[in-house]
> 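Below: one structure in C-alpha cells.
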Amino acid sequence: MKLAIGCDHGGFKLAEALRAHMKDKGIEYVDFGTHSTDSVDYPLIANQVAKAVSGGEADLGVLVCSTGIGISIAANKVKGIRAAVVTNELCAGLTRSDNDSNILCLGGKVVDEETAVKIFDTFVNTRFEGGRHARRVGQITDIEAGRL
C-alpha cells in the first residue's frame, strides 16, 4: 500500500508524527509537505494529495490542518475523493468500512499524536465492506457526477 500525505502549518507537528510512524511501519508514502510551521495555503496541498489518490499514484491519503475541516473541504472538491474528518478510532473504521473513504483528515489542534496514530492505523487497516454500503457510495458518485 502506498499513501499520500500533506499538511499545512497548523497540522505540521501532527503530520511529522504520522510520517515517523509510517517510516517505522515501512509504509511507502508520497509527501506533499509542508515541512515547517511557516504559513501555507492548505487548499493547494489538499489538491495535490487528492489528485495523487484519485489518479492512482497513492491508494489512500492523509491530510492534516488545524481542525481537519478546511483541508477536507478542499480535498472533497476533487472527483472521486471521499475525505473524512476523523477524531476517534470508531469513526476511522466506519468511514472506511461503510463509506470507502480514501483520505483521512485530522486536526492538529483536535487530536494528540498518540490518538492520531491509532486513528491512522485503524483507517489504513480497515477495508470497505461493500454490500449495502456499495449502493450508497454509488449514490454519492452519482451526485458527484450530476446524475442525481
Side-chain angles (χ1 to χ4, degrees), residues 1-8 10-34 42-148:
M1 175 178 293
K2 187 174 185 179
L3 275 70
I5 186 169
C7 67
D8 72 356
F12 171 70
K13 183 178 176 191
L14 190 59
E16 283 290 280
L18 293 170
R19 289 177 182 117
H21 180 67
M22 287 190 282
K23 207 172 263 189
D24 289 346
K25 293 283 189 181
I27 297 171
E28 184 181 358
Y29 64 92
V30 181
D31 189 349
F32 291 95
T34 195
Y42 66 82
L44 303 177
I45 292 167
N47 186 49
Q48 291 175 22
V49 169
K51 285 185 174 178
V53 172
S54 69
E57 183 182 350
D59 300 300
L60 297 171
V62 180
L63 288 167
V64 190
C65 67
S66 292
T67 63
I69 297 168
I71 212 159
S72 72
I73 291 169
N76 277 316
K77 298 300 180 186
V78 175
K79 186 176 181 178
I81 294 303
R82 290 174 302 283
V85 180
V86 176
T87 57
N88 60 55
E89 292 174 78
L90 173 66
C91 291
L94 289 174
T95 199
R96 286 287 298 132
S97 67
D98 294 8
N99 308 121
D100 198 19
S101 292
N102 49 16
I103 297 182
L104 170 66
C105 299
L106 297 166
K109 292 183 178 179
V110 179
V111 296
D112 60 62
E113 292 178 15
E114 181 181 343
T115 302
V117 166
K118 290 177 183 176
I119 289 169
F120 171 87
D121 286 344
T122 299
F123 187 84
V124 300
N125 292 314
T126 302
R127 300 290 170 247
F128 180 53
E129 288 182 6
R132 70 182 190 277
H133 303 296
R135 181 179 71 248
R136 295 167 185 156
V137 171
Q139 291 167 352
I140 292 168
T141 302
D142 287 343
I143 291 168
E144 180 181 63
R147 292 187 291 265
L148 283 180

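Numbers here are sequence positions counted from 1.
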> Which heavy atom of Cys7 sits nearest a heavy atom of Ile71, and at what distance?
CA-CD1, 4.4 Å

> Listed by chain and number, what are the side-chain contact (heavy atoms from CB on, under 4.5 Å) partners of Lys109, not counting sequence neighbours?
Ser66

> Side chains of Leu104 and Leu60, heavy atoms from C-beta outward: is any pair under 4.5 Å?
no

> Please report the shortest heavy-atom distance between Ala46 and Ala74, naming the atom on each side.
CB-CB, 3.7 Å

> Excluding sequence neighbours, so at least two apart, what forms side-chain contact (heavy atoms from CB on, under 4.5 Å) with Glu57?
Val30, Phe32, Ala52

> Determine the minimum heavy-atom distance between Cys65 and Ile69, stating which atoms define it.
SG-N, 4.0 Å

> Give the C-alpha distance, both sets of side-chain angles, the deciding distance and a yes or no for side chain to side chain contact (heavy atoms under 4.5 Å, CB included) between Val111 and Leu14.
CA-CA 9 Å; Val111 296; Leu14 190 59; 3.7 Å; yes

> Return the OG1 to CG distance between Thr34 and Asp31, rounded to the nearest 0.5 Å.
9.0 Å

> Would you sort out whether Thr141 and Arg147 count as a side chain to side chain contact (heavy atoms under 4.5 Å, CB included), showing the intermediate values?
CA-CA 9 Å; Thr141 302; Arg147 292 187 291 265; 4.0 Å; yes

> Could you measure the distance from the CZ atom of Arg135 to the CD1 atom of Ile140? Nearest 0.5 Å is fine.
12.0 Å

> Identify which one of Leu18, Ile45, Leu63 satisfies the side chain to side chain contact (heavy atoms under 4.5 Å, CB included) criterion when paired with Ile5.
Leu18

> For the residue pair Leu3 and Val62, what are the closest heavy atoms and their distance?
CD2-CG2, 4.1 Å

> Taking Lys13 first and then Glu16, would you say they form a salt bridge - that is, a charged N and a carboxylate O separated by under 4.0 Å?
no

> Quick one: are Asn47 and Val78 in side-chain contact, heavy atoms under 4.5 Å?
yes

> Between Val137 and Phe128, is any pair of side-chain heavy atoms under 4.5 Å apart?
yes

> State, with a plain yes or no, whether a side-chain heavy atom of Val53 is found less than 4.5 Å away from one of Ile81.
yes

> Any side-chain hydrogen bond (donor to acceptor under 3.5 Å, both in side chains) pairs touching residues 95-107, not counting sequence neighbours?
Arg82-Asp100, Thr95-Ser101, Arg96-Asp100, Asp98-His133

> Using side chain to side chain contact (heavy atoms under 4.5 Å, CB included) as the criterion, point out the one residue from Val86, Ile27, Asn125 that pairs with Phe120.
Ile27

> Supply the atom-to-atom distance Lys77 NZ to Glu144 CD, rounded to the nearest 0.5 angstrom.
10.5 Å

> Given Glu89, which of Asp121, Thr126, Thr122 fulfils the side chain to side chain contact (heavy atoms under 4.5 Å, CB included) condition?
Thr122

> For the residue pair Val85 and Gly68, what are the closest heavy atoms and their distance?
CG2-O, 3.2 Å

> Which atom names give the shortest non-hydrogen contact between Val49 and Gly61, and what distance separates them?
CG1-CA, 4.1 Å

> Once rounded to the nearest 0.5 Å, what's the spacing between atom OH of Tyr42 and atom OG1 of Thr67?
8.0 Å

